[in-house]
Protein chains: 2
Amino acid sequence: MAKRVKLLDVAKAAGVSQGTASNAFGKPDLVRPEVRERIFDAARELGYRGPHVMARMLRTGKAGALGVVFPDNLEYAFSDPVAIELLRGIGRECAHHGVNVMIISAENPEQAITAVNNAAVDAFLVHCYSDNNDIIKAIQRRNQPLISIDTDIAGAAGTVVLDDFAAAKNAAQHLLDCGASKFAILSLQATEHDHFGPMSPNRLGAASHRVVRERLAGYHTALEAAGIAASDVVHIECDNQSGHSAKMTTELLADHPEIDGILAMSDVIAIGAIDAARAIGRKMPGDLKVIGFDGIQAGERTDPPLTTMHQDSVEKGRLAAEMALSGEPGKTIMLETSLLLRGSSQESSA
Amino acid sequence: MAKRVKLLDVAKAAGVSQGTASNAFGKPDLVRPEVRERIFDAARELGYRGPHVMARMLRTGKAGALGVVFPDNLEYAFSDPVAIELLRGIGRECAHHGVNVMIISAENPEQAITAVNNAAVDAFLVHCYSDNNDIIKAIQRRNQPLISIDTDIAGAAGTVVLDDFAAAKNAAQHLLDCGASKFAILSLQATEHDHFGPMSPNRLGAASHRVVRERLAGYHTALEAAGIAASDVVHIECDNQSGHSAKMTTELLADHPEIDGILAMSDVIAIGAIDAARAIGRKMPGDLKVIGFDGIQAGERTDPPLTTMHQDSVEKGRLAAEMALSGEPGKTIMLETSLLLRGSSQESSA
DNA sequence: CTGAAAGCGCTTACAG
DNA sequence: CTGAAAGCGCTTACAG
């Protein structure tokens with residue numbers, strides 16, 4: 001293995017100083033064209049591979065990359081359609097700024113902390129549900145800008161969230177308008193600890209995930225205005241996988257056949273619910289109305305197609321990346337959702 | 001802005017040498033516990049943030065990250081279900097090794113070269129269709145291990161591909177067995193230059209993408225064995241998006257109503273084909289048989305569900321990452337596919 | 001187990 | 001526009 005050719009070798013061969021050679025690569029305008037060419041020729045001849053990335057990073061302090069962390073669901077992030085849309089938006093904005101995207105990968109929370117500490121990035125984007133998390137503390141210790149997505153983190157350089165309360169309120173109102181009167185809520189996990197199935201009032205009150213808290217409040221607000229107490233609503237906590245929510249829904253509808261309105265906190269969950277309800281012969285939307293949350297593509301292909309509260313996850317990711325890259329003071333952006341009407345809540349007019 | 005606390009400051013405060021302080025963080029076993037604690041205390045007191053990542057990288061030459069490059073479809077990679085599965089496998093293996101995943105992001109090929117040069121990574125994983133590419137040259141100039149996925153790159157440290165020939169041959173054979181006799185092939189792009197619609201014999205012969213070349217050869221081999229010449233098969237080049245392939249299929253079936261077998265090079269393309277065929281009233285599988293390629297989840301929800309050649313893209317990505325991280329000599333892995341039988345090729349027995 | 005020293009390869013003030 | 005020098009912050013032989 002030959003010794004690596006470095007800038008000084010090139011400079012010597014070209015008969016210039018190291019500084020000038022550096023400029024030829026990094027700031028070509030500062031070097032006279034003929035000298036620049038001489039330097040490039042020397043580089044080619046010696047087999048110089050261009051400035052060493054890590055050395056430049058150390059010197060300039062810039063990593064040229066944004067770190068993306070999914071503390072709640074590390075492996076899972078690459079399966080959730082919504083996370084992928086987020087990543088697409090992040091990737092788009094990073095590409096625009098000529099910055100790479102570093103996905104912090106780990107098998108468990110402890111490893112994630114190491115992974116965060118080993119990542120050469122200029123800022124972190126954190127997608128998580130809960131603000132109380134060792135991984136977040138590890139990031140904050142690094143003292144780099146942190147943009148939080150979908151939850152509030154104290155001291156974040158920026159925050160992008162949804163108006164989850166309004167979205168959930170509108171979702172419940174829509175099912176009320178469609179005539180539903182006996183409700184079940186299929187909730188996302190309320191805390192980091194796995195817990196599936198019926199939610200006790202205790203558990204309902206203990207939701208540490210901002211998204212869950214806000215959406216529950218929104219659903220309840222609309223229902224209570226229609227005279228339906230939260231205690232009369234069946235709450236089921238689901239894993240965010242259609243297979244799992246299908247199982248939960250089968251049990252739900254066996255125990256509570258009177259349910260005629262299902263409020264699902266994600267489309268993935270809603271899709272499982274529709275599958276399960278159809279399998280046991282429930283007619284939708286006549287017999288049972290379902291509304292999801294997110295607006296993923298797969299919702300177009302359920303039977304019936306899924307009515308949902310649509311959010312623009314791509315834009316959410318893009319905005320977060322933009323905040324991270326702009327270096328502006330920390331602000332909070334709250335995005336709106338819109339009702340995406342399909343067949344699972346009312347007969348299509350088509 | 002206070003000056004950054006560095007290791008030497010901590011060492012002085014703890015009354016040890018810089019080397020010992022370094023060991024306390026990086027190789028704790030080499031430092032006596034009581035000394036170690038003294039160092040950690042000093043670090044805490046001074047607000048030391050832990051060893052500087054970039055400095056360590058420069059010194060050790062290890063980046064602790066794997067670069068992933070999609071030269072053909074930079075933004076598109078986060079939309080294609082198959083690319084996402086690949087990424088999931090890569091992420092899984094990287095997490096296992098405590099290595100982060102760096103996605104090289106760029107808006108155009110030129111930017112991609114810069115992005116490659118700015119990426120602090122230990123090796124590159126390249127997913128591409130064609131081996132002749134400026135981005136690949138840029139990577140090779142960096143002289144780091146390069147694992148190529150889905151195509152052969154000369155000098156790669158490793159290669160992971162599918163047995164595309166056998167897969168396509170089996171796909172065509174299956175439709176023959178189901179009774180199809182008039183075929184159309186919906187092909188992926190054959191070269192990097194956009195070209196959609198009917199393929200001339202010229203274009204067929206010029207396919208620079210390995211995947212397209214192999215699959216065409218496989219389809220043709222099976223069809224020719226059944227007495228069907230390649231020149232009697234309609235070839236259409238599609239963008240890998242269901243909306244686009246749907247349009248192409250509508251035209252195809254208008255021009256060639258006799259077609260009763262569609263061989264699609266991806267499930268995404270096949271899904272569009274099924275949608276289009278159903279929209280104009282073609283009965284599947286009775287009237288028209290369709291087989292896809294990949295085995296993505298969305299294929300379960302078409303009407304009828306999509307028969308396809310299933311590949312394990314997650315494993316493909318995982319294997320590629322494993323090769324990159326093992327540092328073993330370059331070898332080639334060829335993965336098999338399997339027929340995934342659903343309703344688009346024959347009546348289900350259910 | 002500990003300390004003193006070298007050096008990873010570059011970029012950037014600074015002086016000309 | 002060019003050159004000489006400092007230093008980014010660390011880890012790792014090396015000698016004890």
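Everything quoted here is computed from the prediction, not taken from an experiment. Numbered from 1 within each chain, the chains take letters A, B, ... in sequence-line order.
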Student: Would you please indicate if the ring centroids of B:Phe40 and B:Tyr48 are separated by under 6.0 Å?
Tutor: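 No, they do not, as the ring centres are separated by 6.0 Å or more.
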Student: Rounded off to whole Å, could you give me the CG-to-P distance for the B:Leu30 and C:dT2 pair?
Tutor: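 The answer, rounded to whole Å, is 9 Å.
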Student: Side chain of B:Thr20: nearest nucleotide among C:dT2, D:dG3, D:dT12?
Tutor: C:dT2
Student: Does A:Arg318 pair with A:Glu315 as a salt bridge, N-O distance under 4.0 Å?
Tutor: yes
Student: Heavy atoms only, 4.0 Å cut-off, all strands: where does B:Tyr48 land among base, sugar-phosphate and nothing?
Tutor: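 Touches sugar-phosphate only.
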Student: Testing B:Ile136, B:Ile139, B:Ile153 for side-chain contact (heavy atoms from CB on, under 4.5 Å) with B:Ser148, which one passes?
Tutor: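 Looking at B:Ile136, B:Ile139, B:Ile153, the match for B:Ser148 under the side-chain contact (heavy atoms from CB on, under 4.5 Å) is B:Ile153.
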Student: Calculate the interatomic distance between A:Leu58 atom CG and C:dT12 atom C1'; express it in whole Å.
Tutor: 13 Å
Student: Between D:dC10 atom C1' and A:Met57 atom CE, what is the distance in whole Å?
Tutor: 15 Å
Student: For the pair made of CD in A:Gln18 and P in D:dC8, what is the distance, rounded to whole Å?
Tutor: 16 Å
Student: Which one, C:dG9, C:dG3, D:dC10, comes nearest to the side chain of B:Ser17?
Tutor: C:dG3
Student: Send over the distance from B:Leu8 CG to D:dC8 P, rounded to a whole Å.
Tutor: 11 Å
Student: Does B:Asp29 reach a base, just sugar-phosphate, or nothing at all? Heavy atoms under 4.0 Å.
Tutor: sugar-phosphate
Student: Find the distance B:Leu7:CG to C:dA5:C1' and express it as a whole number of Å.
Tutor: 15 Å
Student: Figure out the CZ/C1' separation between A:Phe25 and C:dG9, and round it to whole Å.
Tutor: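 Spelled out: CZ on A:Phe25 to C1' on C:dG9 is 13 Å.
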Student: So which nucleotide from C:dC8, C:dT12, C:dG9 ends up closest to the side chain of B:Arg59?
Tutor: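 For B:Arg59, the side-chain atoms sit closest to C:dC8.
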Student: Using 4.0 Å as the upper bound for N to carboxylate O, is an ion pair formed by B:Arg38 and B:Asp41?
Tutor: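 Between B:Arg38 and B:Asp41 there is no salt bridge, as every charged N stays at least 4.0 Å from the carboxylate O atoms.
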Student: Measure from the side-chain heavy atoms of A:Ser22 and tell me the nearest of C:dT12, C:dA4, D:dT11.
Tutor: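 My answer, after comparing the listed nucleotides, is C:dT12.
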Student: Could you please name the option among D:dT2, C:dG9, D:dT11 that lies closest to any side-chain atom of A:Lys6?
Tutor: C:dG9
Student: Distance between the P atoms of C:dG9 and C:dA13, in whole angstroms?
Tutor: 23 Å
Student: Can a side chain N or O of A:Lys27 be found less than 4.0 Å away from OP1 or OP2 on C:dT12?
Tutor: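 Answer yes for this pair, as a side-chain N or O of A:Lys27 is under 4.0 Å from OP1 or OP2.
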Student: Check every atom of C:dT12, D:dT11, C:dG9 against the side chain of A:Thr60 and return the nucleotide holding the closest atom.
Tutor: C:dT12
Student: Among the candidates D:dT2, C:dG9, D:dC10, find the nucleotide nearest to the side-chain atoms of A:Val31.
Tutor: D:dT2
Student: Let me know the distance between CZ of B:Arg56 and C1' of D:dG9, rounded to the nearest Å.
Tutor: 11 Å
Student: For the residue pair B:Gln189 and B:His209, confirm or rule out a side-chain donor-acceptor distance under 3.5 Å.
Tutor: no
Student: Side chains of B:Asn117 and B:Arg141: donor-acceptor distance under 3.5 Å anywhere?
Tutor: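 There is no such pair between these side chains.
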Student: According to the Watson-Crick and G-U wobble definitions, with both distances under 3.5 Å, which nucleotide is paired to D:dG16?
Tutor: C:dC1
Student: Consider the side chain of B:Val16, meaning its heavy atoms from C-beta on, and name the nucleotide among C:dG3, C:dG9, D:dG9 that approaches it most closely.
Tutor: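 The closest nucleotide is C:dG3.
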